[in-house]
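Each remark here refers to the structure printed beneath this line.
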2 protein chains.
Amino acid sequence: MPASAPENSKRPRRARGSINPADIIAGAFDYCRTTPVDDMTMPQLAASLDVGVTSIYWYFKSKRELLDAMTEEALSSFYESMPPLRRQGWEDMLREFFVNFYSLLAADPLKCDLIVRRIGGHDDGEMRTWERAEELLAALTDAGFPPSLAQHAFFTLSIYTQGFLLVERTGRVATAISVPSADIPGNPPPEDFAFGISNIIAGLRFMLPQGQERTDAA
Amino acid sequence: MPASAPENSKRPRRARGSINPADIIAGAFDYCRTTPVDDMTMPQLAASLDVGVTSIYWYFKSKRELLDAMTEEALSSFYESMPPLRRQGWEDMLREFFVNFYSLLAADPLKCDLIVRRIGGHDDGEMRTWERAEELLAALTDAGFPPSLAQHAFFTLSIYTQGFLLVERTGRVATAISVPSADIPGNPPPEDFAFGISNIIAGLRFMLPQGQERTDAA
DNA sequence: ACCTGAACACCGTTCAAGT
DNA sequence: ACCTGAACACCGTTCAAGT
């Protein structure tokens with residue numbers, strides 16, 4: 001075989017300005033549709049972007065920093081995809097909110113990994129604001145919740161939801177009850193999730209200052 | 001410098017039988033008192049054990065398999081270190097159980113990482129039995145819980161506890177409420193954990209078939 | 001049977017260019 | 001200013017011995 005033509009697979013050099021952080025992040029999300037984030041590799045990501053590995057490092061100091069940016073992106077997307085609140089009794093409102101919370105992340109392993117499972121946030125003091133959460137808290141105080149109880153309620157339900165997602169994802173239930181649940185084949189289905197939510201809501205009903213119940217705002 | 005003496009730092013070859021899986025696991029736990037499990041490295045572990053790297057592979061086919069064994073060990077140790085149940089009302093019994101659950105793992109980041117945060121169990125169908133959990137469930141049915149409600153209760157509280165541990169460990173609260181909690185400086189303290197537990201227990205009280213309350217078995 | 005160094009393919013990151 | 005290959009230290013794992 002004569003070496004006359006440069007048939008070698010040397011990728012042509014890209015023009016300057018042909019990549020930017022947004023492209024890289026988008027490419028990373030795309031790449032992770034195939035490979036779990038835990039297995040994401042800088043060289044492989046670069047290849048899938050058709051860029052030199054080192055180019056990524058021009059925009060992100062480290063893999064860690066890229067993952068932080070991806071987490072940020074996942075959070076924004078998650079916040080935005082939360083359906084708007086519907087006016088109804090506070091119990092149903094809470095239930096709907098956290099079922100949406102759960103469903104959105106259960107359906108998207110990547111977002112779940114980034115948001116729920118990944119360790120070490122940014123800590124840049126810049127707190128994300130979650131509009132939907134603010135609305136929900138406002139609705140709770142409207143329904144008679146003292147603000148601190150509303151916050152605690154939100155926190156408890158959020159922790160539970162994240163715990164459920166984690167346990168589903170890790171496939172381990174550090175509970176291992178030997179009672180055979182013959183009726184339920186797979187691991188905890190959404191039905192079990194709903195039970196916990198109902199349980200917590202029932203407790204909140206109990207903790208609400210009496211006679212404050214308001215089922216509708218019509 | 002004459003090369004007369006073999007002053008080189010060639011570790012002498014170890015006798016056969018001088019290592020075994022238990023030693024390796026123990027060494028790994030020891031090594032992880034210094035380095036987070038996520039950063040554990042086979043060469044580094046081998047060095048800390050004063051063994052050739054390859055020797056570890058004689059007993060464990062892969063790093064993954066070693067981590068599985070460590071998880072198994074962590075679970076056993078965790079189960080055994082759970083204090084015995086004390087006879088009291090079911091509410092206090094539940095509270096005490098899960099506060100112990102939380103405290104044990106919150107105090108031991110390694111166990112927490114292995115048991116709560118690590119992905120992918122063994123799936124060898126061999127379910128661990130957790131004696132303490134069985135006792136607790138029995139106590140609940142004694143107190144008037146239908147068995148399925150007792151299981152659900154246990155599951156919900158366990159999920160919540162693991163979620164709390166996870167959120168504490170990842171340092172992210174995917175809840176980001178902007179209301180400044182001026183009174184609480186650090187991240188969610190045990191006080192917040194206790195609130196959620198009380199919340200769930202209150203809900204269970206509500207769900208219990210009425211008139212079944214039994215505060216003591218004296 | 002059990003322990004081992006050398007070697008392999010690969011990773012994250014840096015460096016010293018190229019344009 | 002932005003893109004790049006080569007190089008570095010290191011990782012998980014395998015191989016072909018040593019004893």
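This is a predicted model, so every value here is computed, not measured. Proteins get letters first, then strands, A, B, ... in listed order; numbering begins at 1 in each.
- An OP1 or OP2 oxygen of dC3(C) is reached within less than 4.0 angstrom by a side-chain nitrogen or oxygen of Ser18(B).
- Atom CH2 in Trp58(B) sits about 14 Å away from atom C1' in dT14(D), given to the nearest Å.
- Side-chain N or O atoms of Thr156(A) include one that pairs as donor or acceptor with a backbone N or O of His152(A) at under 3.5 Å.
- Per the geometry, CD1 belonging to Ile24(A) stands 12 Å off P belonging to dC2(D), to the nearest Å.
- No side-chain donor-acceptor contact under 3.5 Å links Ser55(B) to the backbone of Val51(B).
- Salt bridge status for Lys63(B) with Asp68(B): absent, with no side-chain N to carboxylate O gap under 4.0 Å.
- When both distances must be under 3.5 Å, the Watson-Crick or G-U wobble mate of dG12(D) is dC8(C).
- In this structure, Ile19(B) places its CD1 atom 8 Å from C1' of dC2(C), rounding to the nearest Å.
- Going from atom CZ of Arg13(B) over to atom C1' of dC2(C) covers 8 Å, rounded to whole Å.
- Distance CG (Asp39(A)) to C1' (dG12(C)): 15 Å, rounded to an integer number of Å.
- Following rounding to the nearest Å, Asp50(A) (CG) and dC3(D) (P) show an atom-to-atom distance of 13 Å.
- Among the atoms of the strands shown, only primed sugar atoms or phosphate atoms (P, OP1, OP2) are found under 4.0 Å from some heavy atom of Gln44(A).
- Defined by atom type and a distance below 3.5 Å, a donor-acceptor pair is missing between the side-chain atoms of Gln44(A) and Ser48(A).
- dA17(D) is unpaired under the Watson-Crick or G-U wobble criterion, no partner having all donor-acceptor distances under 3.5 Å.
- Salt bridge absent: Asp113(A) and Arg118(A) never bring a charged side-chain N and a carboxylate O closer than 4.0 Å.
- Residues Lys63(B) and Arg14(A) both approach DNA chain D. Their nearest nucleotides, taken by heavy-atom distance, put Arg14(A) toward the 5′ side.
- At a threshold of 4.0 angstrom between heavy atoms, the contacts of Phe60(A) with the nucleic acid are absent.
- Remark: Tyr57(A) is not in phosphate contact with dT4(D), judged by side-chain N or O atoms under 4.0 Å from OP1 or OP2.
- Atom CE of Met42(B) is separated from atom P of dA7(C) by 21 Å (rounded to the nearest Å).
- We find that CZ of Arg64(B) is positioned 16 Å from C1' of dT13(D), with the value rounded to whole Å.
- Heavy atoms of Thr41(A) sit under 4.0 angstrom from primed sugar atoms or phosphate atoms, though from no base atom.
- Base contact: Thr54(A) has a heavy atom under 4.0 Å from a base atom.
- When both distances must be under 3.5 Å, the Watson-Crick or G-U wobble mate of dC3(C) does not exist.
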